[in-house]
Every structure is written in C-alpha cells, then in structure tokens.
Amino acid sequence: MERKTGLILALDVTDRMEAVAISEKVAGYVDAIKIGYPLVLSTGMDMISQLSKFAPIIADFKVADIPNTNRLICEQVFKAGADAVIVQGFTGHDSLEAAVKLAKEQEKDIYVVTEMSHPGALDFMQQVGEGIAKMAADAKASGVVAPATRPERVAEIRKIIGNELSIISPGVGAQGGSASDVIKAGANWVIVGRSIYQAEDPAMAAKKLVDEMKEFL
Ligand code: XMP
C-alpha cells in the first residue's frame, strides 16, 4: 500500500448507496478503504470490487482460525478483489504463516491485530500484544494493527517490529485517539470511521485529518 495521505477510511455503514457515495467523496484523501462485517454482511462480497474502484480495499475480517481455514478464507477475500486482510494474531504462528504465505503468492498484504483499541483489550489482549507483534515480524507480515487510543503502546510495538512492517492504527476520533499523536508514536496510517462517515461533510472531515498529519508523515 502506498502512503500518500496516511489516512484509511473505516467504512462501517450498512447501505450500499451510502457506502459508494461516501467513498466517492473521500477517495482523494484516503490511501485505502477498510471494510468489514457490517458492510459486507449487509450488502455482499461484491461490495469489495465495487469499492476497489475508489481505493485499495483492506478486508477487516479479523480472521482467527486454524491454518487451513485461514488460508481458505483469505483466498476467497483476495479473489473478491481485496488488497489486504486483517487477521488475528492470538491464534498463533502457524495460522498466521498460512495467511502470509498465501498473501505473498498473490502479492497481497496481511495485517495482524496486536492489541485492540477499546478498553476491553486490557482484559486479555494487551498481555500478549508484544508477543504477537514479534510473531508478525518473524512471519514477515506486511504490518500490524495497533491502538491509536494508546500511542505509548504503538511506540512499544514499533520498537519490537522495526521499520520493515507497517502499523495501521484505529481509534482516532470517536474512540478518543489523536491522528497526529499516533503518527508521531510510529504509526504509518490511521484508520478512521465514524468521525468521517458520520460527519456532515465527510470529505472535509477527511481533509482535516490529512492536514493534521501531513507534517509528521
Ligand atoms: P471508528 O468509528 O472507531 O472505527 O473510527 C474504527 C474501525 O476500526 C476497527 N477497529 C479495530 N480493528 N484492531 C482492529 O483490527 C483494533 O484494535 C480496532 N479498533 C477498532 C473497528 O471495527 C472500526 O471498523
């Protein structure tokens, strides 16, 4: 994924026309569009190819299965036109390696969830987040997902993974994180949903974030 703006739109709307209209408006400000279960379950897998006209698509299916099933899932998602898939890391090295192997064969990307951005991630996930980051680096994944709500954790994860892997970071805006703070902490991209797609003017909201991050990219 090429970094021009540092912004990824999380498009968690459930209406096809709204999804297309918002994508059209913000396309000039985003490097990718992340879609997940809310949009795909309501509209279907063909939404992926429809939106890929506007930007590369990251499929946030948080894939968390045995190696063979991970491979089968990623195969279908890439076939549908996605450029990247988000997988969970807690399932362990073999599940991750199966996804990464397939992605490399198809010149696609795998991003691995380390610890999530919401408060409940402190219950279990944070304790294994650093181990997952190391595993992602060992497996040569394209990058990890790390929380914009905790820039200090993003900085820790950056130290672990080095500069070969990217960090994509959700939690800006509606969840309280700051785009410029998390970029300064070491993230390559911020992932922003509600602050853009619920804004009166989504393009203006996206532009504001891009302007805020510009000097720190
Ligand atoms: P908002 O509306 O809060 O949307 O800007 C954030 C988007 O990112 C997803 N999300 C995460 N995905 N690890 C992930 O892989 C995380 O820690 C995480 N936190 C939020 C969320 O589903 C939404 O699409």
Side-chain angles (χ1 to χ4, degrees), residues 1 6-14 18-19 22-23 26 29-43 47-48 51 55 57-64 70 73-74 77 82 84-91 96 99 109-130 132-133 136 141-154 156-157 161 165-179 181-183 185-199 202 205-206 208-210 212-213:
M1 186 164 51
L7 180 61
I8 296 169
L9 170 68
L11 192 51
D12 294 322
V13 297
T14 53
E18 191 184 0
I22 293 170
S23 299
V26 306
Y29 299 109
V30 301
D31 289 332
I33 298 172
K34 181 181 85 66
I35 68 174
Y37 294 115
L39 184 56
V40 171
L41 291 177
S42 57
T43 62
M47 195 77 243
I48 295 178
L51 292 181
I57 301 297
I58 301 175
D60 184 359
F61 291 146
K62 296 193 176 68
V63 182
N70 267 12
I73 294 169
C74 291
V77 181
V85 177
I86 293 178
V87 306
Q88 286 288 8
F90 63 72
T91 45
L96 173 59
D109 294 311
I110 296 290
Y111 293 96
V112 186
V113 179
T114 54
E115 76 184 53
M116 294 181 70
S117 56
H118 62 309
L122 303 185
D123 294 346
F124 302 106
M125 293 191 89
Q126 190 174 78
Q127 292 136 55
V128 294
E130 292 173 20
I132 291 174
S142 299
V144 300
V145 190
T149 46
R150 291 177 220 107
E152 71 287 358
R153 294 291 294 161
V154 171
E156 275 305 311
I157 286 167
I161 63 174
L165 276 72
S166 299
I167 298 178
I168 60 176
S169 189
V172 167
Q175 293 183 68
S178 138
D181 285 354
V182 75
I183 293 290
N188 302 87
W189 281 277
V190 295
I191 298 171
V192 183
R194 284 164 287 179
S195 306
I196 297 176
Y197 67 74
Q198 288 179 348
K208 252 190 192 165
L209 286 159
V210 171
E212 177 193 331
M213 291 187 289

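Treat the numbers as computed from the prediction; the structure is a model and nothing was measured. One-based numbering, in listed order, for ligands and for the atoms of each.
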Return all side-chain donor-acceptor pairs below 3.5 angstrom for residues 166-176, not counting sequence neighbours, or 'none' if the list is empty.
{"from": "S169", "atom 1": "OG", "to": "A146", "atom 2": "O", "distance (Å)": "2.7"}
{"from": "S169", "atom 1": "OG", "to": "A148", "atom 2": "N", "distance (Å)": "3.0"}
{"from": "Q175", "atom 1": "OE1", "to": "S117", "atom 2": "OG", "distance (Å)": "2.8"}
{"from": "Q175", "atom 1": "NE2", "to": "S117", "atom 2": "OG", "distance (Å)": "3.4"}

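- Those atoms of ligand 1 that come under 4.0 Å of a heavy atom in V113, given as number and element, are 15 (O).
- Ranking protein heavy atoms by distance to atom 6 (C) of ligand 1, first place goes to Q175 NE2, 3.8 Å.
- Among all non-hydrogen protein atoms, the one lying nearest atom 11 (C) of ligand 1 is P170 CG, 3.5 Å.
- Using a distance-only test at 3.5 Å, with no hydrogens or angles considered, no donor-acceptor pair links the side chain of D31 to the main chain of I8.
- Nearest to atom 9 (C) of ligand 1 among the protein's heavy atoms is K34 NZ, 3.5 Å.
- The neighbour count for Y37 OH, taken as heavy atoms of other residues, nucleotides or ligands under 6.0 Å away, is above 12.
- Atom 5 (O) of ligand 1 has as its closest protein heavy atom G193 N, 2.8 Å.
- Considering only non-hydrogen protein atoms, atom 12 (N) of ligand 1 sits nearest to K62 NZ, 3.1 Å.
- Of the possible donor and acceptor atoms, none in the side chain of Y197 sits under 3.5 Å from a partner among the backbone N and O of P202.
- In terms of protein heavy-atom proximity, atom 19 (N) of ligand 1 is nearest to S117 OG, 2.5 Å.
- Without hydrogens or angle criteria, S42 side chain to T14 main chain gives a donor-acceptor distance under 3.5 Å.
- Side-chain atoms of M125 and Q88, non-hydrogen and from C-beta on, do get closer than 4.5 Å to each other.
- Polar contact with ligand 1: present for D12 (N/O pair, distance under 3.5 Å).
- Not one N or O of A10 is nearer than 3.5 Å to an N or O of ligand 1, by distance alone.
- Using a 4.5 Å cut-off on side-chain heavy atoms (C-beta onward), T114 and V112 make no contact.
- V145 CG1, 3.5 Å is the protein heavy atom nearest to atom 13 (N) of ligand 1.
- The single protein non-hydrogen atom nearest to atom 3 (O) of ligand 1 is R194 NH2, 2.8 Å, given as residue, atom name and distance.
- Side-chain atoms of E115 never come within 3.5 Å of backbone atoms of V145 as a donor-acceptor pair (strictly under, hydrogens ignored).
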